[in-house]
Novice: 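Take a look at this one; I'll ask things after.
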Number of protein chains: 2
Amino acid sequence: MRISSRCEYGLRAMVFLAASEDPRPVPLPEIAAGEGIPAPFLERILARLRESGLVKATRGVSGGYQLAQPPGDIAVGDVVTALEGPLSLVGCVPDDGGCERAESCASRVVWRRLDSAISGALNSITLEDLTREAVPR
Amino acid sequence: MRISSRCEYGLRAMVFLAASEDPRPVPLPEIAAGEGIPAPFLERILARLRESGLVKATRGVSGGYQLAQPPGDIAVGDVVTALEGPLSLVGCVPDDGGCERAESCASRVVWRRLDSAISGALNSITLEDLTREAVPR
DNA sequence: CTAATCCCAACCGAATCGGTCGGCATTATG
DNA sequence: CATAATGCCGACCGATTCGGTTGGGATTAG
C-alpha cells in the first residue's frame, strides 16, 4: 500500500503550476527542472492529468501547461484519483460489488471506514491550500 | 492504491479465528473452506502472520492456528501492517527521509495527513470489535 | 505406523511501476 | 517559408509484486 512516484510527482507538478500564478503556460522542461522529475516520465504523467481535465496544454513554440481550473477548485483527491485510479481500496466496498459474502463480512466495515478516512483527507485540501502552506482544519 | 487480496484474506482469516472462541486450534483447511480462500495461498498468508507474532500454530494431527493474543489486543492495523508492510504511503514523510526537498515541499503535508488518517482508521478497530459487529466511535 | 497437519522453497504467468526512446504534429517567430 | 520549441503518442524495457500452485519435508496424536 504505497503511493506511486507517479502520483507524488504529479501532485508536485500540480502545485508547481498552481504556484506560478503567471498566466503564461509553463513548458514541461521548466516543471521537470524545478521539481527534479525526469522529463519523459513527467510527460506521461501530464498526459493523464490532461485526459482527466485537470490540466490544459497549448502546443507550439511558447506553449506549455496550465491548470484547467482555478487552484481552489482542484482537490488533492482529484489529482490522486487521476493518477492512481479510484480511491477505493478494495473491490468489495460498494454494495453492488459482486461479493456474495457481503452481508456477513465483518471486514467490510473496516474498508469502508478506511475509504472514507482517505477520501476525507484528500478531498478536504485544494491546490490553493497547498500554495498557501496553510492547510485548513 | 489498492488493498491486496492477501490482506483482505488475511483480515478475514483473523476475524474467523477471533470468532471461534473455542480454545482448540483451528486447522487451515477449515479456515480456507469457511472463508472461501485458496488453501495454499492462505498458508503463506498465515506464515506471515505467524512471523509477525499475531498468530501461533501447533503442528501435528489436531493442530491448527490460534490468535497469539486476545482479540481485543489486536488492531486491524497490526494485521494490515503484517501483510502489507508499513502503513506509510510515501517514503518522504518521516523527517529523516532522504528527501532534500523536504523543507519546501508543500505536498508533504498531504501525505502526512493521509498517513495519520489511515493509521487512525485502522488502529482504532480491534478484532474483538469486528466480531461484535459493533465498531466503536 | 499412519494420517493429519504445519512448514518451506521453488516456480509461474500476469500486471504494474518507473522510466526511456524515437518520431510526429503544431505553432510562434524571424 | 524555415526553423526551433514545444506538446503528443506509441513502443519498448528491466525490475518488482501479486496471486497462486506444486511438491515435498517435519511433527505429532491416535
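Note on naming: letters A, B, ... go to the chains in the order of the sequence lines (proteins, then strands), and numbering restarts at 1 for each one.
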Novice: Within this structure, what is the CD-to-P distance between A:Q66 and D:dT6, rounded to whole angstrom?
Specialist: 14 Å
Novice: Does A:R6 place a side-chain N or O at less than 4.0 Å from the phosphate oxygens OP1/OP2 of C:dC17?
Specialist: yes
Novice: For the base of C:dC6, is there a side-chain donor-acceptor partner from B:E43 under 3.5 Å away?
Specialist: no
Novice: With heavy-atom distances below 4.5 Å as the criterion, would you say the side chains of B:V80 and B:L11 are in contact?
Specialist: no
Novice: Between A:L46 and A:M1, which is nearer to the 5' end of DNA chain D once each is assigned its nearest nucleotide?
Specialist: A:L46
Novice: Is B:R50 near enough to C:dC8 that one of its side-chain N or O atoms lies under 4.0 angstrom from OP1 or OP2?
Specialist: yes
Novice: Suppose we call a contact any N or O donor and acceptor under 3.5 Å apart; does that hold for the side chain of B:R44 and the base of D:dG20?
Specialist: yes
Novice: Given atom CG of A:L49 and atom C1' of D:dC9, what is their separation to the nearest angstrom?
Specialist: 16 Å
Novice: Side-chain N or O of A:S62 versus OP1/OP2 of C:dA28: is the shortest distance under 4.0 Å?
Specialist: no
Novice: Any idea which heavy atoms bring A:C105 and B:R12 closest together, and the distance?
Specialist: SG-CD, 3.8 Å
Novice: Nearest whole angstrom, please: distance from the P of C:dG18 to the CD1 of A:I45.
Specialist: 9 Å
Novice: Rounded to whole angstrom units, what separation is found between the CD atom of A:E51 and the C1' atom of D:dG7?
Specialist: 13 Å
Novice: Is any side-chain heavy atom of B:L42 less than 4.5 Å from a side-chain heavy atom of B:E35?
Specialist: no
Novice: How long is the line joining CZ of B:F41 and P of C:dC8, in whole Å?
Specialist: 18 Å
Novice: Say whether, by atom type as modelled, one donor and one acceptor occur between the side chain of A:T126 and the main chain of A:E128 under 3.5 angstrom.
Specialist: yes
Novice: Can you check the A:E84 CD to C:dT16 C1' distance for me, whole Å?
Specialist: 11 Å
Novice: Which nucleotide wins on minimum distance to the side chain of B:P40, given the candidates C:dC21, D:dT21, D:dG19?
Specialist: D:dT21
Novice: Roughly, in whole Å, what's the span from OH in B:Y65 to P in C:dC7?
Specialist: 4 Å
Novice: Can you work out whether A:S5 or A:G60 has the more 5'-proximal nearest nucleotide on DNA chain C?
Specialist: A:S5
Novice: Taking only the side-chain nitrogens and oxygens of A:Y9, find out if one of them lies under 4.0 Å from OP1 or OP2 of C:dG18.
Specialist: no
Novice: Return the value, rounded to whole Å, for the distance between atom CZ of A:R48 and atom P of C:dG18.
Specialist: 10 Å
Novice: Within the 4.5 Å heavy-atom criterion, are A:L83 and A:S4 side-chain neighbours or not?
Specialist: no
Novice: Picking from D:dA26, D:dC8, C:dT20, which would you name as closest to the side chain of B:R59?
Specialist: D:dA26
